[in-house]
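Order of the sequence lines fixes the chain letters, A, B, ..., with proteins taken first and strands second; residue numbering starts at 1 for each chain.
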Protein chains: 2
Amino acid sequence: MRMAEVSAKFELSQDTLRYYERIGLIPPVNRNNNGIREYNEDNLRWVEFIKCMRSAGLPIEALIEYVNLFQQGDCTLSARKDLLIEQREQLRLRIEEMVQTMGRLDSKIENYGQSLHETEKALSRS
Amino acid sequence: MRMAEVSAKFELSQDTLRYYERIGLIPPVNRNNNGIREYNEDNLRWVEFIKCMRSAGLPIEALIEYVNLFQQGDCTLSARKDLLIEQREQLRLRIEEMVQTMGRLDSKIENYGQSLHETEKALSRS
DNA sequence: TCTTGACTTGGAGTTCACTCCAGGTGGTAG
DNA sequence: CTACCACCTGGAGTGAACTCCAAGTCAAGA
């Protein structure tokens, strides 16, 4: 699969795909004999995985490290696992904070609801 | 309360506090007759609120709009409520996505666990 | 054969959200 | 009186994460 198709499939610009590859956020993509990238199944899985992890806010640094470890083969299995565990924990904390904040928004909305209710009462009295 | 103390209290740099005020992310803070900011209870509540909302990823744009509406008084109550409802929904979606991603990390970690288990078996066979 | 279009590269440019800086003011301590 | 300190302003600088650009290659179609 070529850039254009991958770009459309994952809604990442071609520039972003090249950028990710350049900084090592995805492993190097195979080229045909004209130097043009031909994404195979593995490449596509990486792109999708990285896009998902970035959307969830995982730091680029950590993901580059993960890709590096991956490319070093099986001797890095436990290091990769540790990295994922650490990132999972960070993600959990962020989610927890966001859930708190959502609760706070709920209360605020609730209060506005009451205010509006007062307004309605005022209106219905008039 | 002066900048230095507010800065320490909320762990926001003095530059950031001034920046937030400049772009309208918090309403103008009262000044003494030397032009120096004196944060009152209201100001502090705004700083804390904005810090919390920014940490949860609410867009600066939306928060500026919220502050603007607030400063226009009670006639904007329902607009403010709508804005909060919209942002709450966006936040909910982000959280949902992140929870999905966390689940995915869990599976991956689980798989690494199995891999290590295989390794251990290999080791124990040797 | 010429053009078109999808790709290549290295490097420059952009945006966001701060962060820093130079030059200045006012109040207090020695 | 001088020094110092915390604050002020407008504006420039920074780092992250893209995003754009110019110049070039290759293959397929008119």
Side-chain angles (χ1 to χ4, degrees), chain A residues 1-40 43-44 46-68 87 90 94 97 101, chain B residues 1-40 43-44 46-68 87 90 94 97 101:
Chain A
M1 201 184 283
R2 296 280 182 85
M3 287 234 87
E5 206 177 339
V6 179
S7 168
K9 188 175 173 70
F10 297 110
E11 292 177 299
L12 290 171
S13 75
Q14 302 192 19
D15 273 315
T16 298
L17 286 169
R18 278 188 284 262
Y19 169 69
Y20 279 2
E21 189 177 342
R22 182 145 53 93
I23 65 171
L25 196 46
I26 53 175
V29 173
N30 305 319
R31 311 301 183 93
N32 67 16
N33 43 16
N34 295 320
I36 289 177
R37 289 173 182 81
E38 294 283 0
Y39 290 78
N40 63 22
N43 299 140
L44 294 180
W46 272 108
V47 171
E48 191 277 332
F49 174 69
I50 291 297
K51 185 192 172 175
C52 177
M53 295 299 137
R54 285 293 297 139
S55 302
L58 270 73
I60 281 187
E61 277 286 293
L63 293 169
I64 290 175
E65 174 68 3
Y66 183 72
V67 172
N68 280 341
Q87 293 306 318
Q90 296 301 320
R94 281 200 301 280
E97 194 186 316
T101 300
Chain B
M1 201 183 283
R2 294 279 182 84
M3 287 233 87
E5 206 176 340
V6 179
S7 169
K9 188 176 172 70
F10 297 110
E11 293 178 297
L12 291 170
S13 76
Q14 302 191 19
D15 273 315
T16 299
L17 286 169
R18 277 188 285 264
Y19 168 70
Y20 278 3
E21 189 177 344
R22 183 146 53 92
I23 65 170
L25 196 47
I26 53 174
V29 173
N30 305 320
R31 310 301 182 94
N32 68 16
N33 43 17
N34 295 319
I36 288 176
R37 290 173 182 83
E38 294 283 0
Y39 290 79
N40 63 23
N43 298 141
L44 294 181
W46 272 108
V47 171
E48 191 277 332
F49 175 69
I50 291 298
K51 186 191 171 174
C52 176
M53 294 300 137
R54 285 294 296 139
S55 301
L58 270 73
I60 281 187
E61 278 285 293
L63 294 169
I64 290 175
E65 175 68 1
Y66 183 72
V67 172
N68 280 340
Q87 292 306 317
Q90 296 302 319
R94 279 200 303 280
E97 195 186 314
T101 300

Participant: Looking at A:R2, I'd like to know whether one of its side-chain N or O atoms comes within less than 4.0 Å of OP1 or OP2 on D:dC26.
Facilitator: no
Participant: Is A:I60 touching bases, backbone alone, or none of the nucleic acid, heavy atoms closer than 4.0 Å?
Facilitator: sugar-phosphate
Participant: Send over the distance from B:E61 CD to C:dC16 C1', rounded to a whole Å.
Facilitator: 11 Å
Participant: Please give, in whole Å, the distance from D:dT19 C1' to A:L12 CG?
Facilitator: 13 Å
Participant: Phosphate oxygens OP1/OP2 of D:dC18: is one of them under 4.0 Å from a side-chain N or O of A:Y20?
Facilitator: yes
Participant: With respect to the phosphate group of D:dC18, does any side-chain polar atom (N or O) of A:R54 fall under 4.0 Å of OP1 or OP2?
Facilitator: yes
Participant: Report the C-alpha distance between A:R54 and A:I50 in whole Å, list the side-chain angles of each, state the deciding distance to 0.1 Å, and finish with yes or no for side chain to side chain contact (heavy atoms under 4.5 Å, CB included).
Facilitator: CA-CA 6 Å; A:R54 285 293 297 139; A:I50 291 297; 4.1 Å; yes
Participant: Establish, with yes or no, whether the OP1 or OP2 oxygen of C:dT19 is under 4.0 angstrom from a side-chain nitrogen or oxygen of B:T16.
Facilitator: yes
Participant: Taking atom P of C:dC18 as reference, at what distance in whole Å does atom CD of B:E11 sit?
Facilitator: 15 Å
Participant: So, is B:R31 near the phosphate of D:dT9, with a side-chain N or O under 4.0 Å from OP1 or OP2?
Facilitator: yes
Participant: If you pin A:R22 and A:R37 to their nearest nucleotides in DNA chain C, which one's is more 5'?
Facilitator: A:R37
Participant: Taking the side chain as everything from C-beta on, heavy atoms only, tell me whether B:L25 gets closer than 4.5 Å to B:I60.
Facilitator: yes
Participant: With a 4.5 Å cut-off on side-chain heavy atoms, are B:Y66 and B:F49 touching?
Facilitator: yes
Participant: Kindly indicate whether the side chain of B:E97, heavy atoms from C-beta on, has any atom under 4.5 Å from the side chain of A:C52.
Facilitator: no
Participant: Round to a whole Å and report the spacing from CG of B:L25 to P of C:dC16.
Facilitator: 14 Å
Participant: Contact between B:K9 and B:M1 at the side-chain level, heavy atoms closer than 4.5 Å - yes or no?
Facilitator: yes
Participant: Are A:Y19 and D:dC20 close enough that a side-chain N or O sits under 4.0 Å from OP1 or OP2?
Facilitator: no
Participant: Between C1' on D:dC7 and CE on B:M3, what's the gap in Å once rounded to a whole number?
Facilitator: 9 Å
Participant: Find the distance A:E38:CD to D:dC26:C1' and express it as a whole number of Å.
Facilitator: 13 Å
Participant: Is a donor-acceptor pair below 3.5 Å formed from side chain B:D15 to base C:dC18, judging by atom type as modelled?
Facilitator: no
Participant: Give the rounded distance in Å between these two atoms: CG of B:N32 and P of C:dG26.
Facilitator: 11 Å
Participant: Specify the separation, in whole Å, of atom CG of A:N34 and atom C1' of D:dC26.
Facilitator: 6 Å
